[in-house]
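Every value quoted in this text rests on a predicted model; they were computed, and no experiment measured them. As a basis for the values below, the full set of heavy atoms in this structure was taken, side chains included, without hydrogen atoms, waters or symmetry mates. Here is how names work: the chains are called A, B, and so on, in the same order as the sequence lines, proteins then strands, and each is numbered from 1.
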Amino acid sequence: MGSPEKLNANQIAEKWYSYWLEHKYFHSQPDERRPYTIVIPPPNVTGVLHMGHMMNNTLQDVLIRRARMLGFNACWVPGTDHASIATEAKVVQKLANEGVKKEDLSRDEFLGHAWQWTDDHGGIILDQLKKLGCSCDWDRTKFTLDPEMTESVLQVFVDLYERGLIYRGYRMVNWDPEAQTTLSDEEVIHEEKQGNLYHIAYRVVGSEEKITIATTRPETLMGDTAVAIHPEDERFKHLHGKKVIVPIVEREVPIIIDDYVDIEFGTGCLKVTPAHDENDKALGDKHNLAFVDIFNPDGTLNKEGLHLEGKDRFHARKLIVKELEKSGELVSTKPHTHKVGLSERTKAVVEPRLSDQWFLKMEQLAKPALSAVEDGTVKLFPKKFMNTYRHWMSNIRDWNISRQLWWGQQIPAYYYGPDKQDFVVALTQEKAVEKARVKTNNPTLSIADLTQDEDVLDTWFSSWLWPISVFDGIRNPDNDEVQYYYPTQDLVTGPDILFFWVARMIMSGYTFRDAQPFQNVYLTGLVRDNQGRKMSKQLGNSPNALGLIDKYGADSVRVGLLLSSAAGNDLLFDEALCQQGKNFANKIWNAHRLLQGWEIDDSISQDSVAKQGIEWYKYKFQKELTIVNDHFDKYRISDALMSIYKLIWDDFCSWLLELVKPSYGKPIDSQTHAEVVEIFENNLRLLHPFMPFLSEELWHVLGTRSAEEALIVSSWPKSEKVNENVLRIFSHTMEMVSSIRAIRMQKNIPMKTPLQLIEETKQVDYYEQVVCKLASIDSCTVAKEMPEQVLSFRVGTSAYFMPFSLDNPVEEMRKLEEELSYQKGFLQSVQKKLSNSRFVDNAPESVVAVERKKESDAHEKIKHIEQQLAQLQR
RNA sequence: GGGUCAUUAACUCAGUUGGUUCAGAGUGUCGCCUUGACAGGGCGGAAGUCAUUGGUUCGAAUCCAAUAUGACCCACCA
């Protein structure tokens, strides 16, 4: 056969990946089988594979490959996301490096650059997934900005608008001054920051009195249009109805009375800046205050900032504090930690800003999505995420879906007049014209009279349709594909996008197809380094994903990742685990070499020990198969892998192969060889989802297979009945072997020493040969009476003896006495339990029976040990 | 401020309705071995008052309460 001595993981990976592609095993189309579908969480089109992706996609591939072997029509849909703000930021940066400013480009010119960038860098990440072994149906690769995907998105926008769920509103939104766009609430991350609480004195009009307010943002003072106090605050009751002068701008503003104010906090007196704070806006609306916007889109002060016009907001803060200090109006500055909202993408401090934006009403959409998770139509793994999901869904706020960016789907709203209220929403310009003509009653209106809204849609407004739109289920709701593949089965993603993406897909699923998008959501943990830190570029603790594959091989990296990941718990990634994976691959490789190296003789009949071993292993395999299947059902993927790991390494390699191994230089009988090969093949079936390349390679080494017989499209083993009795006898046998080995090592007992068992009721003939072979003893027989000069050990309730002249009987006796006292203590505690009538009366019968068995077993063991001691004392 | 989760061997984690010989695994560690598949190996050890304190129970790592530590999520306290 001539397999090379060393395993070359990368070589076989390349070979089999092309083989699979060539035979279109990843491709799926509707047929009579049941579908098993996963849609990939689309990575950013210009992204690079990182550990999180590796983890995530390995899991998906394991699920898909097993489903394929289980006979499902497995379909894994790949694709990428245009990642509006992230990609646009990268393109802007790239242009800036070339000395080009975004402002100097037209929209079309900019989009040309963005597409160029996408074409140059896009899809790299998908090629990287191939290196990992992912069996995606590449013929189905989608991009969220593909024309048909865009059309789906726009159609949904129009539809929701017509249903009255999308509206245009002048609202306080999260503004990212760096990217100069709005952000949804979910794109804002709050971080604790050390800041100051400034106490500033405002003069009361018509009196010498001053009133002191507390603020963290003195630079917004120019936008103040009121000062607020609590109605019950005794300190300020005399000021009701009075006015104050805002320092620097010298603006006269009212003192308003509102119980929103917290008497305890700061000075109990609040400056109100309705244009730059959500709460202040509420106060402004309620008390009919003026709104003074003091910022430019880039976070600098506008002309309302007077002499500070053009200064950045944080610079302005320092300058204003200085001015107030000089004028004596700054009463005090106290350190104060508070949460600051940062843009998820640019890390810029988010500025609350009033502006015209598009919103989607969420309350109605959230209802079916909430009940789907509550009633188990959609299951979350691990379950703990149900609580956060429920909380979020029941407190959901409207979704700001417009972004002041260019890279994305432009909002299909068309203005036909100077007033921003005069617009129509339509899928195409042509349709927009028609609608506008009707609306204005002006039949001469033309496309030239329309201006499309400048904004694009939030990226998530396209990805929330992903499970439907990849099957074209928005534009063609009745097409065969979407009917067949939707709802999909499993979704594997990180909990960080539970709200961004998962929840919204569930909402869109019910809204547009009246059905859940997937049945199960497996939420993986974050990948951290072995010190528990998040992996990040700044820390430089993120291993190069492709480098790992080169170094260890894809199979080993997959194993390394899976060995450390319980669902939903963060996993501390350690490169040592990839080494463990590599060692495992090597172990399997060498097992096959052993098998291939034997000389086969078909003239001899089957070896009886081998026959017994094979019988045992078949049951052992079945037993583990049940456990593995159960782990899969519960999404305990790493447990499934660990079970297989131990089955192959310990049971197959360490026990079975040693059992069937012929003596040195002797041939193996052909029947045993054939049966071991079959067993090996079944092991490979279990292994395939985890280590696809190695398993496929060995599958073809062990037998000649046609393309249809490739492992990837073979079957997952079927469950068969287990003979528990055989397993029990074997585990007893294994314990005997281990005990003999242990004693031999300590006492330096010669090979071929015979072993005896004194109980006549016990059967030894079944396992005698196995024990003799593995423990290198001469025989195992039943003795009529206690032999002289023996070493002993016990397995279960059986006592075994080996004749051996002891150099140091005292040492042996000491050990026996230790064992005896342990057993006696144990017996005592069992008896105490059994003499407690409350236990005997209350505990289930089976539990009491177990205790009684313990008692009688302990008696028996004690008897053996005492006999042994008596013998030694003679 | 509200909530969720975690705390078990040196490390990373299991422990699935409380009940089989006084808590398991993988890695690491320590001994011994190894020219016959594999030192990327074999065999055999050692290692834990299950975070703390109470409670429920015949019986608690497991259920309840409080405390401590850590992680994450949500929220408009200037």
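- Between the P atom of U20(B) and the CG atom of Asp857(A) lies a distance of 15 Å, rounded to the nearest Å.
- Heavy-atom distances to RNA chain B give each of Glu851(A) and Lys634(A) a nearest nucleotide, and the one nearer the 5′ end belongs to Lys634(A).
- In terms of position on RNA chain B, the residue among Asn395(A) and Tyr822(A) whose nearest nucleotide sits closer to the 5' end is Tyr822(A).
- As rounded to whole Å, 18 Å separates atom P of C5(B) from atom OH of Tyr389(A).
- The pair Lys339(A)-Glu191(A) does not meet the salt-bridge criterion, since no charged nitrogen lies less than 4.0 angstrom from a carboxylate oxygen.
- Looking at Tyr552(A) and Gln580(A), their side chains never bring a donor and an acceptor atom within 3.5 Å of each other.
- Searching all strands for a Watson-Crick or G-U wobble partner of C63(B) with both distances below 3.5 Å returns G55(B).
- Rounded to a whole angstrom, the distance from the P atom of U62(B) to that of G55(B) is 14 Å.
- As judged by a 4.0 angstrom heavy-atom cut-off over every strand, Arg636(A) is placed among the base-contacting residues.
- Look at Thr388(A) and you won't find any side-chain N or O under 4.0 angstrom from OP1 or OP2 of G3(B).
- Look at C11(B): its Watson-Crick or wobble partner, with both distances under 3.5 angstrom, is G26(B).
- Side-chain atoms of Tyr645(A) lie closest to G26(B) of the nucleotides G44(B), G40(B), G26(B).
- Base contact: Val261(A) has a heavy atom under 4.0 Å from a base atom.
- Of all heavy-atom pairs spanning Ile648(A) and Ile588(A), the tightest one is CG2-CG1, 4.1 Å.
- Nucleic acid contact for Asn842(A): base, since at least one base atom lies under 4.0 Å from a heavy atom of the residue.
- Applying the Watson-Crick and G-U wobble criteria (two distances, each under 3.5 Å), G41(B) pairs with C33(B).
- Dashed line: the shortest gap from a side-chain N or O of Trp655(A) to OP1 or OP2 of C43(B) is not under 4.0 Å.
- Here, U12(B) and G48(B) have their C1' atoms 15 Å apart, quoted to the whole Å.
- The side chain of Tyr664(A) contributes no N or O atom lying less than 4.0 Å from OP1 or OP2 of A37(B).
- Distances were taken from every side-chain heavy atom of Met642(A) (C-beta onward) to each of G26(B), C77(B), G40(B); the shortest belongs to G26(B).
- In this model, no donor atom of one side chain and acceptor atom of the other lie less than 3.5 Å apart for Tyr260(A) and Asp258(A).
- Side-chain N/O atoms of Lys587(A) include one lying less than 4.0 angstrom from OP1 or OP2 on G42(B).
- Across all strands shown, the partner of G70(B) is C5(B), judged by Watson-Crick or G-U wobble contacts whose two distances both fall under 3.5 Å.
- Looking at heavy-atom distances under 4.0 Å, Pro844(A) makes contact with a base.
- A donor N or O paired with an acceptor N or O is not found under 3.5 Å between the base of C5(B) and the side-chain atoms of Lys384(A).
- Both the sub-6.0 Å distance and the 45° axial angle are not jointly satisfied by Arg397(A) relative to the ring of Trp392(A).
- A side chain to side chain contact (heavy atoms under 4.5 Å, CB included) with Glu855(A) is found for one member of His859(A), Glu851(A), Lys853(A) and no other, namely His859(A).
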